[in-house]
Amino acid sequence: IRRFCKEVGVPDAFICDPAGEHTSKDVRTFIRESGSFLQVLEEGTQWANRAELIIGQLKAGVRRVMKDTGCPIPFWDYCLEWKAAVNNHTAKNLYQLNGQTPHFHVHKQEGDISALFTFGFYEFVYFRDHTQQFPMATEVLGRYLGPSINTGNAMCCWILKVSAEMDSKNNGFLTIVIHFFHFLHK
């Protein structure tokens with residue numbers, strides 16, 4: 001909520017369902033101090049919140065992308081952030097948006113879509129791994145997990161690097177090691 005208020009601004013009201021994380025004392029205090037108020041929906045009436053419809057569509061889209069790309073379940077949160085960003089940077093046929101994207105409607109400026117549409121989610125990409133020692137190649141294969149928000153420039157991305165290493169403790173069997181990288185696409 002703090003990040004939302006800082007980046008977007010404080011809304012007139014926060015409308016939420018009665019889940020504990022939405023109605024805690026800390027949340028209520030922050031919202032009251034920010035000059036807004038908390039409107040809690042009656043339990044079992046989540047359909048009354050228009051955002052719930054979009055959340056359902058977003059979840060269905062994430063399931064579809066995860067299935068289509070073969071992305072492992074532990075990376076669902078990266079897929080969700082990527083899918084939400086794509087949704088927010090795509091124009092909708094809604095009267096309230098006036099032919100603009102949701103991002104433009106909120107921020108009053110066009111969003112940079114370079115990091116979203118250069119690669120598809122969980123697509124194979126090459127990137128430079130400057131930690132590699134000679135004679136290993138510095139250009140290595142990884143999987144694109146989406147833009148890294150608030151880190152680096154607009155093309156800074158999350159990359160999943162998979163490497164194989166011999167493990168002496170594992171009787172010489174090959175072990176797959178997964179590394180995360182912030183990758184600055186140049």
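Every heavy atom of this structure was used, including side-chain atoms; hydrogens, water molecules and symmetry mates were not. Each residue takes its place number in the sequence, starting with 1.
In this structure, Asp26 CG and Glu21 CD are separated by 13.0 Å, a value rounded to the nearest 0.5 Å. Put simply, CZ on Phe30 and OG on Ser36 are 9.5 Å apart, with the number rounded to the nearest 0.5 Å. Rounded to the nearest 0.5 Å, atoms CZ (Phe127) and CG (Leu160) are 8.5 Å apart. Atoms CZ and CZ, on Phe124 and Arg143 in that order, are 3.5 Å from each other to the nearest 0.5 Å.
Here the closest heavy-atom approach between residue Gly99 and residue Ala91 is recorded as O-CB, 4.1 Å. Among all heavy-atom pairs drawn from Leu38 and Arg28, the shortest one is CD2-CG, 3.8 Å. Here the closest non-hydrogen pair linking Ile159 and Gly142 is CG2-CA, 4.1 Å.
Between Cys156 and Ser148, some side-chain heavy-atom pair lies under the 4.5 Å cut-off. The closest side-chain heavy-atom distance from Tyr144 to Tyr122 is not below 4.5 Å. Residues Ile31 and Val27 have side chains in contact (heavy-atom distance under 4.5 Å, counting atoms from C-beta outward). Counting heavy atoms from C-beta outward, His89 and Leu116 have side chains that approach closer than 4.5 Å. In this structure, Phe75 and Leu145 have side chains that are in contact, with non-hydrogen atoms separated by less than 4.5 Å. Residues Lys92 and Asn87 are in side-chain contact: their nearest non-hydrogen atoms beyond the backbone lie under 4.5 Å apart. Looking at Trp82 and Pro147, their side chains come closer than 4.5 Å, going by heavy atoms from C-beta outward.
For Glu81, the CD atom sits in a loose shell: 12 or fewer heavy atoms of surrounding residues, nucleotides or ligands are nearer than 6.0 Å.
In this pair, Phe14 and Phe4 present their aromatic rings perpendicular. The plane angle is above 60°, beyond the 30 to 60° band.
For the pair Arg32 and Phe37, the cation-pi test (distance below 6.0 Å, angle within 45°) is failed.
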Atom pairs and distances, donor-acceptor, side-chain atoms in residues 57-71, under 3.5 Å, two or more places apart:
from: Thr69; atom 1: OG1; to: Val65; atom 2: O; distance (Å): 2.8
from: Thr69; atom 1: OG1; to: Cys71; atom 2: N; distance (Å): 3.4

